[in-house]
Amino acid sequence: MSEILFKPRINVVETSTVSNSEAAQLTAHGQDESRKWYRVLRREYWAWLGLDPIETESLFATIAMSDKPRTSELLDTVGGYQSGNWNYEWMQRAVKCQVAAKEAAQQEQKEQAKQQYLLASYSATIAAYPHFKGDDLATTAQALAHTNFVAAMEHSPYHCKVIEIPVDNKRVPCYLHLPDTDSVKPVVLVSGGLDTIQTELYPFFERFLAPAGFAMLCVDLPGAGHCSHWRLQQDSSRIHLAILDYLPEIPWVDHGRVAMLGYRFAGNVAARLAFIAAERLRAIVTIGAPVDRLFTDVQRFQSLPQMYQDCLANRSGVNSANKESLFYRCLPLSLKTQGLLGGARTPIPMFVVGRKNDLISPEADLSLLSSASRNCQVQLLKELDSLENYDQIFTEVTHWLQKQL
């Protein structure tokens, strides 16, 4: 495995070209903080996961200074699995952490082994970012991320079980995290954004949900990770509905005490479930959820960083080069267009988190969500991606969930 991961390969697809036939014409736009990068650099979030910010900046510098050929003018579009390529640099970091984890495990240093395996998993997850279907390097990185995550869980004081949920004659692997197996637990169904897979959701459980006595069941969004067989479409909550149907079969959780937390696009799914599965949920949490304006305002949609446009195209199985066609393809994702928001209220309590001047989830969306429930709490932040805000909001969300479940 190490020989494969460290050996350079030139004839592999470059990530920015996977879902965009005009990737060679890409120029930096739509990103204030990371203008010369194709990927949106989530520095604060990755630091919150536990990655050393100094080492991360050093890795970015290596990519930026590479003299290898690039697909476009953007720094992280070096082609081939070689020095300077995004996937290559992060995979080297992942393997080094994996080696350190194995050494710690041999010395029976369980906590150190767990942390290094997690760092290996997170590094491999970032190597695959933004997790495009059709990106062979991302597929390899995701496999390494899952391998290291499972190894980390073997050294954790908590329990992790892989639950395979039947959906459309296929099976979707989901991680079920349990603080213990002494009794059935209330469960929080958690999903992230279109650029997220479930290996990186663990800190929310370890730091917040587990101490509060909650189980956490993670699932990827349609088109990503273990759910790459499904396309993103108007019925965005199809897989999550199948999970709710299957919960009574899982002996460790109380299917009568279920909540869902959705970050970014998963917040769209969570808000949808508040209306179409109200009888099976006790609470909904949305964080920075795009529920209407992003999909109905063409100027806002076309102002998205190219990576996010490509994410929507990749999950939907289309090419992002035709921006107008992609916009109309995504229009049905608006919950207002679907007739769910702006009309009758749901009886489900909701906790809605957003921030000012958010391109993806503007205040008009927050207003729609706040009026969608008879019992809604709204938290408006200055920014979503910051170490302080992550801890603050997850603490508040956990306390709120304790009251609802």
Side-chain angles (χ1 to χ4, degrees), residues 158-159 161 163 165 174-192 198 201 204-219 221 235-289 291 335 340-341 343-354 366 368-379 393-405:
Y158 301 121
H159 301 267
K161 300 181 182 293
I163 307 295
I165 309 293
C174 303
Y175 290 132
L176 173 63
H177 299 282
L178 300 162
D180 60 66
T181 55
D182 298 337
S183 60
V184 295
K185 303 290 189 256
V187 60
V188 183
L189 181 59
V190 179
S191 294
Q198 56 181 300
L201 301 175
F204 178 45
F205 171 76
E206 182 180 50
R207 302 174 198 175
F208 301 95
L209 294 183
F214 292 125
M216 180 176 83
L217 183 60
C218 301
V219 60
L221 290 179
D235 187 8
S236 59
S237 57
R238 184 177 189 176
I239 295 170
H240 292 74
L241 274 174
I243 291 174
L244 293 177
D245 288 340
Y246 191 77
L247 280 181
E249 306 297 323
I250 303 176
W252 302 282
V253 302
D254 183 348
H255 66 274
R257 292 192 291 166
V258 185
M260 180 175 175
L261 181 145
Y263 179 84
R264 281 307 195 193
F265 190 84
N268 179 290
V269 174
R272 195 170 194 273
L273 288 176
F275 287 91
I276 66 173
E279 73 284 355
R280 285 179 279 178
L281 290 161
R282 284 203 184 179
I284 292 290
V285 179
T286 69
I287 303 178
V291 293
L335 300 186
L340 296 176
L341 292 179
R345 293 185 173 188
T346 175
I348 301 296
M350 295 179 66
F351 192 120
V352 175
V353 181
L366 299 181
L368 276 174
L369 286 169
S370 66
S371 60
S373 170
R374 299 168 193 160
N375 179 4
C376 185
Q377 179 174 332
V378 179
Q379 181 82 11
I393 202 59
F394 284 136
T395 298
E396 292 184 22
V397 163
T398 303
H399 290 158
W400 184 81
L401 286 172
Q402 286 178 306
K403 297 176 183 177
Q404 308 304 323
L405 298 179

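When reading the values below, keep in mind they use all heavy atoms of this one structure, side chains included, and skip hydrogens, waters and symmetry mates.
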For Pro248, side-chain contact (heavy atoms from CB on, under 4.5 Å) partners two or more places apart: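 side-chain contact (heavy atoms from CB on, under 4.5 Å) check on Pro248 returns His255.
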Test side-chain contact (heavy atoms from CB on, under 4.5 Å) applied to Thr395 - qualifying residues, sequence neighbours left out: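 Thr395 satisfies side-chain contact (heavy atoms from CB on, under 4.5 Å) with Phe208, His399 only.
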Testing the basics here: between [X] and [Y], what is the closest heavy-atom pair and its distance to 0.1 Å?
X      : Y      : result
Ile284 : Ala270 : CD1-O, 3.4 Å
Gly267 : Thr286 : O-CG2, 3.6 Å
Ala210 : Pro179 : O-CB, 3.8 Å
Ile348 : Ala278 : CD1-O, 3.1 Å
Pro347 : Arg374 : CB-NH1, 3.9 Å
Thr398 : Phe214 : O-CE1, 4.1 Å

Could you tell me the separation between the [atom1] atom of [X] and the [atom2] atom of [Y], rounded to the nearest 0.5 Å?
X      : Y      : atom1 : atom2 : result
Ser371 : Leu341 : OG    : CG    : 7.5 Å
Arg257 : Gln404 : CZ    : CD    : 13.0 Å
Ile163 : Cys218 : CD1   : SG    : 12.0 Å
Leu201 : Tyr175 : CG    : OH    : 10.5 Å
His240 : Leu281 : NE2   : CG    : 10.5 Å

Are the side chains of [X] and [Y] in touch, meaning some heavy atoms are under 4.5 Å apart?
X      : Y      : value
Val285 : Trp400 : yes
Leu217 : Leu247 : yes
Val258 : Arg280 : no
Val352 : Cys376 : yes
Tyr158 : Glu206 : yes
Leu401 : Arg282 : no
Val269 : Ser191 : no

Steps toward side chain to side chain contact (heavy atoms under 4.5 Å, CB included) verdict (Asp180, Lys185): CA-CA 9 Å; Asp180 60 66; Lys185 303 290 189 256; 2.7 Å; yes
Candidate pair Val291 and Arg272, rule side chain to side chain contact (heavy atoms under 4.5 Å, CB included), full reasoning: CA-CA 9 Å; Val291 293; Arg272 195 170 194 273; over 6 Å; no
